[in-house]
Trainee: 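So that we are looking at the same thing, I have put the structure below in structure tokens.
Computed from a predicted model, the values in this text were never measured in an experiment. Numbering of residues begins at 1 and proceeds along the displayed sequence. Note that these values count all heavy atoms, side chains included, but never hydrogens, waters or copies made by symmetry.
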Amino acid sequence: MAPSSLTLAFVMLLAIVGSSNAQLSTTFYSKSCPGVFRAVNSVVKSAINKEARMGASLLRLFFHDCFVNGCDGSILLDDTSTFIGEKKAAPNVNSVRGFEVIDNIKSEVEKVCPGVVSCADILAITSRDAVVILGGPNWDVKLGRRDARTASQAAANSSIPPPTSSLSALISSFQSHGLSSKDLVALYGAHTIGQARCTNFRAHIYNDSNIDASFARTRKANCPSTSGVGDNNLAPLDYQTPTVFDHTYFTGLINRKGLLHSDQELYNGGSTDSLVRTYSNSASTFNSDFAASMINMGDIKPLTGSSGEIRKNCRKIN
């Protein structure tokens, strides 16, 4: 083999090794921190036992982290003198919660293996555990992410689709993150748990026609039409089983009882109607697709190798 061919072969080998090192793995901490799963699970279970809604809040943290510059733990960073973080971005302010639970998890994980597990990976494990504890599917979480050293409020404002989104806007948003329409519908099924604020569903219950009249009346009772009045009043995203991870959310959509405008867009005569019907009829299909889509979302632009850092405190860079 000619020297140039040998050089090329060596470069290609390095590229293959380099790329494999950069991949996430379900066994990433098997030697460096085998106790990470037990440490995370005990705190998540305790938090959900205290407040069932917290399961949805922890799951949402992972969504809102991954959709802004990738799954890098940036949503956890507090504002500093050098940058404005994501916590006060429009989709997050007075809305995302559970940061104290993540602090508690990080503290427990640091006791087991200090300086090893990233906050980004803690979010990934926590979201899976929250789903399982509330009755949803299990999956092997891919790990090996590192933590961002900065955050972007502007990116958070532009990257997370608002609850007023049309179906086409939702599909475009998910596609921009490498996720399919199937991922969109499956991941929106996370709305089988949790609650939304009146300010996010007011327009849907007062202005939209694709909503069950009785359902709208019920929601109006706790959500006045005037903006600024009762904005933070809560209603369940899944009116049937709001603290159980199941497939009844999709039955609600078929019955025109989606709480958010964007919820009902998934079943409104468009391209995703058939998948909503499938999930409404089959819990097992929804569960398996949701797990697969969570893995897909967890693959969005992770920092690996020597990029980023392993934060000691999830709220600030080292």
Trainee: Counting only N and O atoms by type, is there a donor-acceptor contact under 3.5 Å from the side chain of Thr272 to the main-chain atoms of Leu266?
Mentor: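 It does hold such a pair.
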Trainee: Should Leu259 and Leu187 be regarded as members of a common hydrophobic cluster, given that ILVMFWY residues are connected when their side-chain heavy atoms come within less than 4.5 Å of each other, either directly or indirectly?
Mentor: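 Result: no, two separate clusters.
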Trainee: Taking all atoms of both residues into account, what is the closest heavy-atom pair of Leu123 and Gly73, and its distance?
Mentor: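 In this case the closest contact between Leu123 and Gly73 is CD1-CA, 4.2 Å.
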Trainee: Under 3.5 Å, which donor-acceptor pairs link side chains of residues 108-117 to any protein atom two or more places apart or in another chain?
Mentor:
residue	atom	partner	partner atom	Å
Glu108	OE2	Lys111	NZ	2.9
Glu110	OE1	Gly115	N	3.0
Glu110	OE2	Lys106	NZ	3.0
Glu110	OE2	Gly115	N	3.3

Trainee: What do you reckon, is CG of Asp79 surrounded by more than 12 foreign heavy atoms closer than 6.0 Å?
Mentor: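 For Asp79, atom CG is crowded (more than 12 foreign heavy atoms under 6.0 Å).
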Trainee: Would you give me the side-chain donor-acceptor pairs under 3.5 Å for residues 46-53, sequence neighbours excluded?
Mentor:
residue	atom	partner	partner atom	Å
Asn49	ND2	Lys45	O	3.3
Glu51	OE1	Arg97	NH2	3.0
Glu51	OE2	Arg97	NH2	2.9

Trainee: Let me see the working for Asp238 and Ile193 under side-chain contact (heavy atoms from CB on, under 4.5 Å), right down to the final yes or no.
Mentor: CA-CA 6 Å; Asp238 177 353; Ile193 53 175; over 6 Å; no
Trainee: Distance-only, no hydrogens or angles: does the Arg60 side chain make a donor-acceptor pair with backbone N or O of Gly194 under 3.5 Å?
Mentor: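 Not at all, since once roles are kept as given, no pair shorter than 3.5 Å links the two residues.
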Trainee: Measure the shortest side-chain to side-chain distance between Val93 and Lys87 over non-hydrogen atoms and say whether it is less than 4.5 angstrom.
Mentor: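 Of all side-chain heavy-atom pairs linking Lys87 with Val93, none is under 4.5 Å.
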Trainee: Is there a chain of hydrophobic side chains (I, L, V, M, F, W, Y, each step under 4.5 Å between heavy atoms) that links Ile310 to Val40?
Mentor: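 No; Val40 is not reachable from Ile310 via cluster members.
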Trainee: Find out whether the Lys NZ or Arg CZ of Lys142 is both under 6.0 angstrom from the six-membered ring centre of Phe28 and within 45° of the ring's axis.
Mentor: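 No.
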Trainee: Examine distances only and state if a side-chain atom of Tyr206 and a backbone atom of Ser225 form a donor-acceptor pair shorter than 3.5 Å.
Mentor: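 Such a contact is found between Tyr206 side chain and Ser225 backbone.
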Trainee: Which pair of non-hydrogen atoms, one from Arg145 and one from Ala124, has the smallest distance, and what is that distance?
Mentor: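 Nearest heavy atoms, Arg145 then Ala124: NH1-CB, 3.5 Å.
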Trainee: Return the SG to CD1 distance between Cys119 and Ile75, rounded to the nearest 0.5 Å.
Mentor: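 One finds 12.5 Å between SG of Cys119 and CD1 of Ile75.
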Trainee: Between Tyr279 and Phe290, is the gap from one ring center to the other below 6.0 Å?
Mentor: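 No, ring centres 6.0 Å or more apart.
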Trainee: At their closest point, which heavy atom of Val68 faces which heavy atom of Ser152, and how far apart are they?
Mentor: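 Closest pair (atom of Val68, atom of Ser152, distance): CG1-O, 4.1 Å.
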Trainee: Do the side chain of Asn318 and the main chain of Lys312 share a donor and acceptor less than 3.5 angstrom apart?
Mentor: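 The answer is yes, because a donor-acceptor pair under 3.5 Å joins these two groups.
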Trainee: With a 4.5 Å heavy-atom cut-off, do Phe250 and Val185 have their side chains touching?
Mentor: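 Yes, side chains in contact.
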Trainee: Main chain of Ala186, side chain of Asp289: is a donor-acceptor contact present, judged purely on distance under 3.5 Å?
Mentor: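 Between the backbone of Ala186 and the side chain of Asp289 there is no qualifying donor-acceptor contact (under 3.5 Å).
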Trainee: Would you please indicate if the ring centroids of Tyr188 and His191 are separated by under 6.0 Å?
Mentor: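 Aromatic pair counts; centres sit under 6.0 Å.
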Trainee: Given 3.5 Å as the limit, does a donor-acceptor pair link the side chain of Asp231 with the main chain of Gly228, or not?
Mentor: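 Yes.
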Trainee: Distance check, rounded to the nearest 0.5 Å: Met297 atom CE versus Cys66 atom SG?
Mentor: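 With rounding to 0.5 Å, CE (Met297) is 4.5 Å from SG (Cys66).
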Trainee: So, do Ile102 and Thr126 sit near enough that their side-chain heavy atoms are less than 4.5 Å apart?
Mentor: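 Ile102 vs Thr126: side chains touch.
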Trainee: Verify the cluster assignment for Tyr239 and Leu260: are they in a single hydrophobic cluster under the rule of side-chain heavy atoms below 4.5 Å apart?
Mentor: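 Yes, Tyr239 and Leu260 fall within the same hydrophobic cluster.
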Trainee: Distance alone, cut at 3.5 Å: any donor-acceptor contact between the side chains of Asp183 and Ser180?
Mentor: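 Asp183 vs Ser180: donor-acceptor pair found between side chains.
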Trainee: Hey, could you give me the CG/CD1 distance between Asp129 and Ile122, rounded to the nearest 0.5 Å?
Mentor: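 Reported value, rounded in 0.5 Å steps: 11.5 Å.
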Trainee: Does one hydrophobic cluster hold both Leu179 and Val276, with members joined at side-chain heavy-atom distances below 4.5 Å?
Mentor: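 Yes, because Leu179 and Val276 connect within a single hydrophobic cluster, where side-chain heavy atoms sit under 4.5 Å apart.
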Trainee: Would you sort out whether Asn287 and His247 count as a side-chain contact (heavy atoms from CB on, under 4.5 Å), showing the intermediate values?
Mentor: CA-CA 8 Å; Asn287 282 340; His247 67 137; over 6 Å; no
Trainee: Please find out if less than 6.0 Å separates the ring center of Tyr249 from that of Phe286.
Mentor: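 No, too far apart.
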Trainee: Mind listing the closest non-hydrogen atom pair of Pro224 and Gly230 along with its distance?
Mentor: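 Smallest interatomic distance, heavy atoms only, reads CD-CA, 4.3 Å.
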Trainee: Decide whether Ser74 and Arg149 meet the rule of one side-chain donor and one side-chain acceptor closer than 3.5 Å.
Mentor: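 No, no side-chain donor-acceptor pair sits under 3.5 Å.
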Trainee: Counting only heavy atoms not in Lys220 (residues, nucleotides, ligands), do more than 12 fall under 6.0 Å from its NZ?
Mentor: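 Buried by this count: over 12 neighbours within 6.0 Å.
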Trainee: Report the C-alpha separation of Asn210 and Tyr267 in whole Å, then their side-chain angles, then the decisive distance to 0.1 Å, and conclude whether the side-chain contact (heavy atoms from CB on, under 4.5 Å) test is met.
Mentor: CA-CA 10 Å; Asn210 60 339; Tyr267 192 82; over 6 Å; no
Trainee: Kindly indicate, with the supporting measurements, whether the criterion side-chain contact (heavy atoms from CB on, under 4.5 Å) is fulfilled by Asn255 and Phe215.
Mentor: CA-CA 10 Å; Asn255 292 330; Phe215 176 73; over 6 Å; no
Trainee: Please report the shortest heavy-atom distance between Ala196 and Leu237, naming the atom on each side.
Mentor: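 Nearest pair, atom of Ala196 first, then Leu237: CB-CD2, 3.8 Å.
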Trainee: How far does OG1 of Thr164 sit from CG of Asp208, to the nearest 0.5 angstrom?
Mentor: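 It is 10.0 Å, given to the nearest 0.5 Å.
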Trainee: Using a 4.5 Å cut-off on heavy atoms from C-beta on, say whether the side chain of Val101 contacts that of Phe99.
Mentor: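 No. Closest side-chain heavy atoms not under 4.5 Å.
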Trainee: Looking at Arg315 and Asp103, is any side-chain nitrogen of the basic one under 4.0 Å from a carboxylate oxygen of the acidic one?
Mentor: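 Counted as a salt bridge, because a side-chain N and a carboxylate O are separated by less than 4.0 Å.
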Trainee: Do the side chains of Asp72 and Arg146 get close enough for a salt bridge, i.e. N-O under 4.0 angstrom?
Mentor: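 No salt bridge links Asp72 with Arg146.
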Trainee: Determine yes or no for a side-chain-to-main-chain donor-acceptor pair under 3.5 angstrom, with Asp273 supplying the side chain and Gly269 the backbone.
Mentor: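 Side chain of Asp273 to backbone of Gly269: a pair is present.
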Trainee: Just by distance, with hydrogens left out, do Tyr29 and Asp121 show a side-chain donor and acceptor under 3.5 Å apart?
Mentor: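 Judged by distance alone, the side chains do pair up.
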Trainee: Where the side chain of Glu86 meets the backbone of Ala89, is there a donor-acceptor pair that is under 3.5 Å apart?
Mentor: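 No; judged by distance alone, with no hydrogens or angles, the pair does not exist.
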Trainee: For a 4.5 angstrom cut-off between non-hydrogen side-chain atoms, does Leu167 reach Ser271?
Mentor: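 Answer yes - side chains close enough.
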Trainee: Could you tell me if the side chain of Phe174 sits less than 4.5 Å from the side chain of Ser181, heavy atoms only?
Mentor: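 They are not in side-chain contact.
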Trainee: Using a 4.5 Å cut-off on heavy atoms from C-beta on, say whether the side chain of His177 contacts that of Phe67.
Mentor: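 Yes; the side chains approach each other to less than 4.5 Å.
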Trainee: Taking atom types as modelled and ignoring hydrogens, do the side chains of Thr248 and Thr241 form a donor-acceptor contact shorter than 3.5 angstrom?
Mentor: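 Yes - a donor-acceptor pair under 3.5 Å links their side chains.
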Trainee: Does Arg219 reach the main-chain N or O of Arg202 with its side chain, forming a donor-acceptor pair under 3.5 Å?
Mentor: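 Checking the backbone N and O of Arg202 against the side chain of Arg219, no donor-acceptor pair under 3.5 Å is found.
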Trainee: Using 0.5 Å steps for rounding, measure from the CD1 atom of Ile205 to the CG atom of Asn222.
Mentor: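 Rounded to the nearest 0.5 Å, the CD1-CG separation comes to 9.0 Å.
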Trainee: Looking only at heavy atoms, which two atoms of Gly85 and Ala151 are closest? And how far apart?
Mentor: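 It is CA-CB, 3.9 Å.
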Trainee: Could you see if Met54 belongs to whatever hydrophobic cluster contains Ile125? Use Ile, Leu, Val, Met, Phe, Trp, Tyr and a side-chain cutoff under 4.5 Å.
Mentor: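 Hydrophobic grouping puts Met54 with Ile125.
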Trainee: Do Leu58 and Ser127 touch side chain to side chain, with heavy atoms closer than 4.5 Å?
Mentor: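 No, their side chains stay 4.5 Å or more apart.
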Trainee: Is the backbone N or O of Gln23 less than 3.5 Å from a side-chain atom of Thr304, with the two atoms forming a donor-acceptor pair by type?
Mentor: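 Here the side-chain-to-backbone pair does not exist.
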Trainee: With no hydrogens and no angle check, do the side chains of Thr251 and Ser280 hold a donor and an acceptor under 3.5 Å apart?
Mentor: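 Result is yes, a qualifying pair exists.
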Trainee: Enter the distance from Asn138:CG to Ile133:CD1 here, rounded to the nearest 0.5 Å.
Mentor: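 Taking CG in Asn138 and CD1 in Ile133, the distance rounds to 10.5 Å.
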Trainee: Is a side-chain donor-acceptor pair under 3.5 Å present for Ser30 with Thr27?
Mentor: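 Side-chain D/A pair, Thr27 to Ser30: absent.
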